[in-house]
Amino acid sequence: MTALVVEALTVAFGRFTALDAVSLAVDPGEVRAVIGPNGAGKTTLLDVISGITKPVSGRVMLGDRIDLTKRSEAEIAKAGVRRKFQKPSVFPALTVRENLEIGCGPALPARERPARIASVLGEIGLGPRAAVPAGRLAHGEKQWLEIGMVLAAEPALLLLDEPVAGLSDAETAQTAALIRSLRRPDRAILVIEHDMGFVEAIADRVTVLHEGRTLYEGSMAGARHDARVIEVFLGR
Ligand code: ADP
């Protein structure tokens, strides 16, 4: 059983090929980082998985049965794929708890909400800040709240766009610890990130994209010694 399988995915914008037969497989419970220089196709990959962009060919399977490329954005979210975009989008006037209420979604019965919210507050470490308006949180805390908002929907696959962009070193280290603690057998996490120290701290495996192709897949330690990866990153 695999959490996510991307098979020979090709995406074109007009005559430009942004992804060229990209394949990858993420195991249940895995934290996978997708890295690569600007323009490599990382955002496009997440856009296809979340249904914003449709491929020319190839497919994306969630688990064994659900072909995401045949579904709308709303259907993909319902199937258990949730994405945290790079820009914080918390509701500043609402408290941390109220933001998490929204993250639970309208389908969750009212009697199940308090337990779900308590569990997420514990996971993101914001229990003591539950009654604080989100607008008063530090930048890092806002990012963690946003991760909590997507966790509240109990996703099978969590997509994170540059979760430590703009964070301090201390906040980055805390976010790495948070993401490591989010590993669960029924939850896979796919992260796009530029900060290689952070990637090394969180990822079980990395996929290196370059000009729309997969250059490397394996451990971050292995990537550091891969001649093609070194050439692409140093050649920038
Ligand atoms: P990354 O996230 O790795 O920086 P992207 O997936 O954003 O890369 O972009 C890959 C390539 O596809 C880039 O050259 C980018 O300019 C191009 N691209 C992305 N989206 C579009 C679009 N909507 N129309 C045309 N070109 C696009």
Side-chain angles (χ1 to χ4, degrees), residues 4-26 30-62 68-74 76-77 81-89 143 146-147 150 155 157-167 172 175-176 179 188-220 222-224 226 228-236:
L4 178 78
V5 182
V6 174
E7 292 174 358
L9 195 67
T10 296
V11 173
F13 298 110
R15 288 165 63 187
F16 176 75
T17 304
L19 290 178
D20 188 1
V22 165
S23 297
L24 63 97
V26 179
E30 181 178 351
V31 178
R32 171 69 58 91
V34 178
I35 62 177
N38 277 335
K42 306 178 295 293
T43 307
T44 303
L45 176 64
L46 259 58
D47 286 349
V48 175
I49 296 170
S50 47
I52 296 168
T53 298
K54 292 296 171 194
V56 172
S57 58
R59 59 178 196 164
V60 178
M61 300 294 293
L62 181 70
L68 299 181
T69 54
K70 293 194 162 59
R71 302 193 177 214
S72 68
E73 272 185 79
I76 290 169
V81 178
R82 291 300 157 112
R83 181 168 180 183
K84 189 196 100 51
F85 288 90
Q86 192 185 337
K87 273 199 189 135
S89 59
Q143 293 281 343
E146 259 206 286
I147 292 173
V150 286
L157 176 65
L158 183 60
L159 306 172
L160 301 175
D161 277 85
E162 301 195 22
V164 295
L167 297 192
T172 298
T175 306
I179 290 175
I189 303 178
L190 191 62
V191 186
I192 295 180
E193 187 49 65
H194 288 291
D195 180 330
M196 291 303 133
F198 175 76
V199 167
E200 185 136 39
I202 61 159
D204 298 302
R205 287 185 288 176
V206 299
T207 298
V208 183
L209 293 183
H210 176 53
E211 294 178 348
R213 296 206 172 98
T214 309
L215 199 65
Y216 172 91
E217 185 167 278
S219 71
M220 184 66 201
R224 286 193 191 280
D226 185 277
R228 288 165 312 164
V229 175
I230 293 168
E231 191 185 319
V232 163
F233 277 93
L234 297 182
R236 268 199 282 180

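Atoms considered below: every heavy atom in the structure, side chains included; atoms not considered: hydrogens, waters and symmetry mates. Residues: numbered from 1 along the sequence shown. Counting convention: from 1, in listed order, for ligands and their atoms alike.
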For [atom], find the nearest protein heavy atom and state the residue, atom name and distance (0.1 Å precision).
{"atom": "atom 11 (C) of ligand 1", "value": "Phe16 CE2, 3.5 Å"}
{"atom": "atom 2 (O) of ligand 1", "value": "Thr43 OG1, 2.6 Å"}
{"atom": "atom 19 (C) of ligand 1", "value": "Phe13 CE1, 3.5 Å"}
{"atom": "atom 6 (O) of ligand 1", "value": "Thr44 OG1, 2.6 Å"}
{"atom": "atom 8 (O) of ligand 1", "value": "Gly41 N, 3.2 Å"}

Check your understanding: Can you find an N or O of Gly39 that's nearer than 3.5 Å to an N or O of ligand 1?
Key -> yes

Exercise for review: Measure the shortest side-chain to side-chain distance between Val22 and Thr207 over non-hydrogen atoms and say whether it is less than 4.5 angstrom.
Suggested key: no

Review point. Is there a side chain to side chain contact (heavy atoms under 4.5 Å, CB included) between Thr214 and Leu209 once you walk through the steps?
Key: CA-CA 5 Å; Thr214 309; Leu209 293 183; 4.0 Å; yes

At less than 4.0 angstrom from any non-hydrogen atom of [X], what atoms of ligand 1 do you find?
{"X": "Ala40", "value": "1 (P), 3 (O), 8 (O)"}
{"X": "Asn38", "value": "4 (O)"}
{"X": "Lys42", "value": "1 (P), 2 (O), 3 (O), 4 (O), 6 (O), 8 (O)"}
{"X": "Ala18", "value": "12 (O)"}

With rounding to the nearest 0.5 angstrom, report the [atom1] to [atom2] distance, [X] to [Y].
{"X": "Lys42", "Y": "His210", "atom1": "NZ", "atom2": "NE2", "result": "11.0 Å"}
{"X": "Arg32", "Y": "Leu24", "atom1": "CZ", "atom2": "CG", "result": "5.5 Å"}
{"X": "Ser219", "Y": "Asp204", "atom1": "OG", "atom2": "CG", "result": "11.0 Å"}
{"X": "Arg228", "Y": "Arg213", "atom1": "CZ", "atom2": "CZ", "result": "12.0 Å"}
{"X": "Leu9", "Y": "Ile49", "atom1": "CG", "atom2": "CD1", "result": "8.0 Å"}

**Study point:** Proximity flag Gly36 to ligand 1, non-hydrogen atoms under 4.0 Å
**Key:** no

Check your understanding: Is the shortest side-chain N to carboxylate O distance from Glu73 to Arg83 below 4.0 Å?
Key -> no

Practice item. Look up atom 15 (C) of ligand 1 and tell me if a protein heavy atom lies less than 4.0 Å from it? Key: no

